[in-house]
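One is the number of the first residue; the rest follow in order along the sequence. Everything quoted here is computed from the prediction, not taken from an experiment.
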Amino acid sequence: MTHYCCFCPQSLSSLPWKFIGLYKKKKSIAFPSANNLIVTILSRSHADRNVYPSAGVLFVHVLEREYFKGEFPPYPKSGDASNDPITFNTNLMGYPDRPGWLRYIQRTPHSDGVLYGSPTAEHVGKPTVIEITAYNRRTFETARHNLVINIMATEEFPLPYQAEFYIKNMNVEEMLASEVLGDFLGAVKNVWQPERLNAINITSALDRGGRVPLPINNLKEGVYVMVGADVPFSSCLREVESPHNQLRCSQEMEPVISCDKKFRAQFHIDWCKISLVDINKVVPVYITRPDPGTGILPEFGEYNPPSESLKSRNYFSDFLITLAVPSAVALVLFFILGYTMCCRREGVEKRNMQTPDIQLVHHSSIQKSTKELRSMSKNREISWPLSTLPVFNPVSGEVVPPLHPDNYETTSMPLMQTQTNLQNQITIPQQRPSG
């Protein structure tokens, strides 16, 4: 594992000269010697590894796959190249996730993982232990190491002038490489000309609500890089705030920046999304919070439960209002309905006594006639309906017998125009050929 941007002397040899020149004042910080570091790697033990980043400066720690390959058994056949897929899981010791300022990225199981972030002043003096677990996807074995992050204070932070650039042709892991980041800081230094220049933070555009690009034309996700300096912004950077460039940005056109050519060879910067912040002119906003009531727990201190001397509450009135009163009303309505339906009936005899005799005789005659017609309809005989007549061949005159049997109930037939006599059926004469 290697790390940089945290002022370790053994990692400065791999950085470009531009990057090294930015951190020459950090040599006074005590670090473990190179000999102790080599012993730790060769022993393959699970000892803690200490790093010393500074507050307000970008911290990058690379989890190299080669470092963990020695923890896993080799290939069964000697001489085979070992290219095991290895993934990493990083979390704060005793917790399932990492601290809020620390992020992790690994594109594929065959690439190295990267821990990066920018610690703040509130984390100074609080050692942060990160558990790093490597998973071998071929053998399903694991190896665990601890990374102790000792955040140190620095007098140069915070730098008063901070600028955030949006680079469209870079991914976050590409920008985290020491050579690429060093080239970018070198280009910014040529444009800005500060005495001190630090990379403060790097954020992927996906973490800012950006969309995943289509896998065509080698499109990138984009990355935000925040840098800080000790001198005011240069005139080139101030060109973004001109009314002409602001109008072009509102029309989704690229602004005209004189120093864009110094970045264009390697970095494609979206100048409409650049952010220039002067900390000296930022007015702090204090939000007054209302006084918490009795039901809100205090932010600090222990929770004290209420005492046992609570007043007992009488639920009898609630019982009467909720259950007893509706039940009593429903019972009264039930008795009223029962009395109306059962005790107030007149009866047939009382109804007949109050009905005139002529109306009763008329009603009785109607019932008698109805019964007589119903009895007669059961015994009536009707002719076959025309729809049930036998079908015959108009050429040969052959009659086809009816489809229904003789005992077919004629009363269920539809009332249609019938024929009085089946024997008087007219036969259609056969046609003769003309002589």
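In this structure, the side chain of N198 does not engage the main chain of I200 through any donor-acceptor pair within 3.5 Å. Listed for the E71 side chain is no donor-acceptor partner under 3.5 Å among the backbone atoms of T142. Without hydrogens or angle criteria, E164 side chain to V227 main chain gives no donor-acceptor distance under 3.5 Å. Without hydrogens or angle criteria, D260 side chain to V256 main chain gives no donor-acceptor distance under 3.5 Å. One N or O on the side chain of D270 and one on the backbone of C272 form a donor-acceptor pair closer than 3.5 Å. Listed for the D230 side chain is a donor-acceptor partner under 3.5 Å among the backbone atoms of R196.
The shortest side-chain heavy-atom distance between P326 and V329 does not fall under the 4.5 Å cut-off. E174 is not listed as a side-chain neighbour of V180, based on a closest heavy-atom distance of 4.5 Å or more. L323 places a side-chain heavy atom less than 4.5 Å from the side chain of S327. No side-chain heavy atom of V277 sits under 4.5 Å from any side-chain heavy atom of M226. In this structure the side chain of L147 never reaches within 4.5 angstrom of the side chain of L63, judged on heavy atoms. Between W101 and I151, the closest side-chain pair of non-hydrogen atoms falls below 4.5 Å. The shortest distance between side-chain heavy atoms of P255 and V240 does not fall below 4.5 Å. The closest side-chain heavy-atom distance from P232 to D278 is not below 4.5 Å.
Pairing each heavy atom of P119 with each of S54, the nearest pair is CG-O, 3.6 Å. Shown here for P53 and I149, the closest heavy-atom pair between the two residues is CG-CG2, 3.4 Å. Pairing each heavy atom of L102 with each of G117, the nearest pair is CD1-N, 4.4 Å. Q162 and F233 get closest at one heavy-atom pair: O-CZ, 3.5 Å. In plain terms, the two heavy atoms of N150 and P127 that are nearest each other are OD1-CB, 3.8 Å. Closest approach of Y166 and A205 over heavy atoms only: CE1-CB, 3.9 Å.
The CD atom of E64 sits 11.5 Å away from atom CD1 of I86, with the distance rounded to the nearest 0.5 Å. Rounding to the nearest 0.5 angstrom, the gap separating the CZ atom in F72 from the CZ atom in R137 is 10.0 Å. Of the inter-residue distances, the one linking R65 atom CZ with H110 atom NE2 reads 6.5 Å to the nearest 0.5 angstrom. The CD atom of E239 sits 8.0 Å away from the OG atom of S234 when rounded to the nearest 0.5 Å. Note that CG of L159 and CD of E195 are 11.5 Å apart. Values are rounded to the nearest 0.5 Å. Rounding to the nearest 0.5 Å gives a distance of 8.5 Å between OH of Y116 and CD1 of I202.
Residue E131 is tested with N91, N89, T90 for a side-chain hydrogen bond (donor to acceptor under 3.5 Å, both in side chains); the sole match is N91.
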Mind running side-chain contact (heavy atoms from CB on, under 4.5 Å) on F184 and Q266 for me, showing each step along the way?
-> CA-CA 9 Å; F184 178 76; Q266 188 176 0; over 6 Å; no

Determine, stepwise, if the pair V129 / V148 fulfils side-chain contact (heavy atoms from CB on, under 4.5 Å).
-> CA-CA 4 Å; V129 181; V148 181; 4.2 Å; yes

Please test T322 against Y315 for side-chain contact (heavy atoms from CB on, under 4.5 Å), starting from the C-alpha separation and ending with a verdict.
-> CA-CA 10 Å; T322 306; Y315 293 94; over 6 Å; no

Step-by-step side-chain contact (heavy atoms from CB on, under 4.5 Å) determination, R208 to T203 = CA-CA 8 Å; R208 298 284 187 90; T203 308; 3.9 Å; yes

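For R98 and Y104, the positive end is not near the middle of the six-membered ring at less than 6.0 Å and at most 45° from its axis.
F165 has its ring centre no less than 6.0 Å from the ring centre of F267.
Screening residues 99-111 for salt bridge (charged side-chain N to carboxylate O under 4.0 Å, His left out), with sequence neighbours left out, gives R103-D207, R107-E173, R107-E221.
Few gaps surround CD on Q251; more than 12 heavy atoms of other groups in view lie less than 6.0 Å from it.
Note on ring orientation: taking the six-membered ring where Trp is involved, the planes of H145 and F68 are perpendicular (angle over 60°, cut-offs 30° and 60°).
For H363 and Q359, the side-chain atoms include no donor-acceptor pair closer than 3.5 Å. At a cut-off of 3.5 Å, with distance as the only test, no side-chain donor of N245 or W271 sits close to an acceptor on the other residue.
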